[in-house]
Structure formats: C-alpha cells, structure tokens
Amino acid sequence: MTITEFEQRVLGQQPTGAAHYDAEYFTGEWRDAGNNYSLDTRRKIEDRNPALIKEVFQPRRVLDLGCGPGALMHLLWELGVDVEGIDFAESSKRLATPEVRDRITVGSVDDPSLLPAHAFDLVISREVLEHLTVLQVKQAVANMARMTSRFIYVTTRFHPNPQNLLDFNQQDDLDPTHITLLNKDLLRLMFLLEGCRSRPDLEAKMDWGGKGRVLVLEKVPA
Ligand SMILES: C[S@@+](CC[C@H](N)C(=O)[O-])C[C@H]1O[C@@H](n2cnc3c(N)ncnc32)[C@H](O)[C@@H]1O
C-alpha cells in the first residue's frame, strides 16, 4: 500500500461507539460456538493464561485496558492479583461479577486523563486494538506506555500476509467491529516510538497456543 492510500484509508475510518458493545454483543447468539463472555466460558477459553500472566510478569498491580465484562480480571483476582480495568461500554460493568465490578472504570482506551501515569507494572490489552481506528490505536499505544511502569501485554488480530509496513485490513469474517488489522511490525514500531522495546522471550512464553497474535513490550527506563 502506498502512503497516499494509507492516508486515505486512515482518514476515512469511523470509530465504533460504546453503545455497540451491549449485552447482545457480549452474550448474543451471533457468536461462534457459544463463544460468549460468561465467566464459565471464559474460564475454559483462558485456560492457563491467568496463571501464566502471574508467573511470567509477577505483577504487583495490573490494568486490563478494554476489559469487557471483566472475566480475565476475575480470574486474576482469584489468583490474588491486584487488578483494575477500563472499558467504555457501560454493559461491561453491568455484566461483570460483583468481585471485580467496582474495579472497572468506564472510559475510553485512548483517554490520557483516566488513571495516573506509571500506576501499573503490567498493562494488558487483549482483543481490543482491532476494534479501533488506526488513529485510536496510536493514542491507545501512547496511553498504555504512559500508564505502565514496566510491561505491556497485547493480543490483537494482524494482517495475515502484509506486503509492506502500511498494509492493514479493515474487516475479517469474525466480527464487524474488527476494522484495523495491522502489520505486526507497524504496531511494534508504534510501541517503540513510545519508548517500549519488544520482549520476544516473554512473547514466546505467553503465546503458548502458537497463534502469533501476542506482543509483549517492556518500557525502556528514561
Ligand atoms: C472483543 S472485546 C475484548 C474484551 C476483553 N479484553 C477480552 O479479551 O475478552 C473488545 C472490548 O473493547 C472495548 N472497546 C472497544 N473500543 C473501545 C474504546 N475506544 N475504549 C474502551 N473500550 C473499548 C469494547 O467495549 C469491548 O469490551
């Protein structure tokens, strides 16, 4: 893709509003194979992830950015991890378990005024960036780098076979709100420009399913 095409696509993107992420979004029949956001379903899907997060990062304070109804937060809370979440969908809070509901702040992932800088030693954001416009991704990356004092752990959906750095897909077959599937190197570059380096050793540990959808970054001390 040329820079001119990239520019046109980026400037033409429309953000998805918070109202789209309602109870139907999280629990509706449209999801493949009962892949919904109930705690029981997520416990099975998450499998070893919560224990691995605790073991690999040994975090003292975790933020889940774009936490949805807080299932991963609940599973981390069960393991004694101090965890908070941010999501702009009011339904996230309503659908969350009582144990973590009050730990969720309603707000946008790209809002730099929500929580203090360096407040968490691990910021997680999984299955969120593909829902944002490229311009929102840039702001969210900056916000993650602002809020973490050390690690960032991201999963998202990437362009499967980009020809160059600027190639990105604006849809897939899974979810109509998947509007930005970036070249993985472009996302790494965005983090690097915010002072965060890649940790391929930790990525290998977190990507135990071998899906190639994990990034782990570490903030370079100033
Ligand atoms: C597919 S869900 C992922 C939820 C959770 N992170 C997980 O892995 O199960 C995408 C989440 O991103 C949230 N989201 C999308 N755009 C957002 C934005 N601009 N600010 C905050 N949350 C956003 C949605 O409300 C939704 O909860």
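Atoms within each ligand, like the ligands themselves, are counted from 1 in listed order. Remember, it's a predicted structure, so these values are computed and weren't measured experimentally.
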(request) Could you tell me whether the side chain of Lys184 reaches within less than 4.5 Å of the side chain of Leu215, counting heavy atoms only? (result) yes

(message) With a cutoff of 4.0 Å, is Ser91 in contact with ligand 1, counting heavy atoms of the residue only?
(response) no

(request) Determine, for Arg197 against Glu218, whether the closest basic-nitrogen to carboxylate-oxygen distance falls under 4.0 angstrom. (result) yes

(request) Indicate the atoms forming the closest heavy-atom contact of Ser92 with Gly68, along with that distance. (result) CB-O, 3.2 Å

(request) Write out the residue and atom name of the closest protein heavy atom to atom 19 (N) of ligand 1, then the distance separating them to 0.1 Å. (result) Ser108 OG, 3.2 Å

(message) Tell me the nearest of Tyr21, Tyr25, Tyr37 to atom 9 (O) of ligand 1, using heavy-atom distances.
(response) Tyr37

(request) May I ask you to list the atoms of ligand 1 that are less than 4.0 angstrom from any heavy atom of Ala89? (result) 25 (O)

(request) Determine whether Phe120 and Leu65 make a side-chain contact, defined as any pair of heavy atoms from C-beta on separated by less than 4.5 Å. (result) no

(request) Say whether Gly66, considering both its backbone and side-chain N or O atoms, lies within less than 3.5 Å of an N or O atom on ligand 1. (result) yes

(request) For the pair Glu194 and Lys219, find out whether any cationic side-chain nitrogen is under 4.0 Å from an anionic carboxylate oxygen. (result) no

(message) Testing the 3.5 Å rule here: is there a donor-acceptor pair between the side chains of Asp167 and His159?
(response) no

(message) Test your reading of the structure: does Glu127 have an N or O sitting under 3.5 Å from an N or O of ligand 1?
(response) no

(message) Under 4.0 Å, heavy-atom basis, I'd like to know which part of Phe88 is in contact with ligand 1: side chain, backbone, both or neither.
(response) both

(message) For atom 20 (N) of ligand 1, what's the nearest protein heavy-atom neighbour? Residue, atom name and distance, please.
(response) Val109 N, 2.9 Å

(message) At under 4.0 Å between heavy atoms, is it the side chain or the backbone of Ser125 that contacts ligand 1, or both, or neither?
(response) neither

(message) Does any N or O of ligand 1 fall below 3.5 Å from an N or O anywhere on Leu132, backbone included?
(response) no

(message) Could you tell me, atom by atom, which parts of ligand 1 come under 4.0 Å of a heavy atom of Cys67?
(response) 5 (C)

(message) Under 3.5 Å between any N/O of Arg126 and any N/O of ligand 1: does that happen in this structure?
(response) yes

(message) Who clusters with Leu192? Use side-chain heavy atoms, under 4.5 angstrom, across I, L, V, M, F, W and Y, and order the result by chain and number.
(response) none

(request) Measure from atom 13 (C) of ligand 1 to every heavy atom in Thr177, Thr155, Val128, Asp87 and give the option owning the shortest one. (result) Asp87

(message) For the CG atom of Asp110 and the CD1 atom of Ile86, what is their distance to the nearest 0.5 Å?
(response) 10.5 Å

(request) Fit a plane to each ring of Tyr21 and Phe26, take the angle between them on a 0 to 90° scale, and name the class: parallel (under 30°), tilted (30 to 60°) or perpendicular (over 60°). (result) tilted

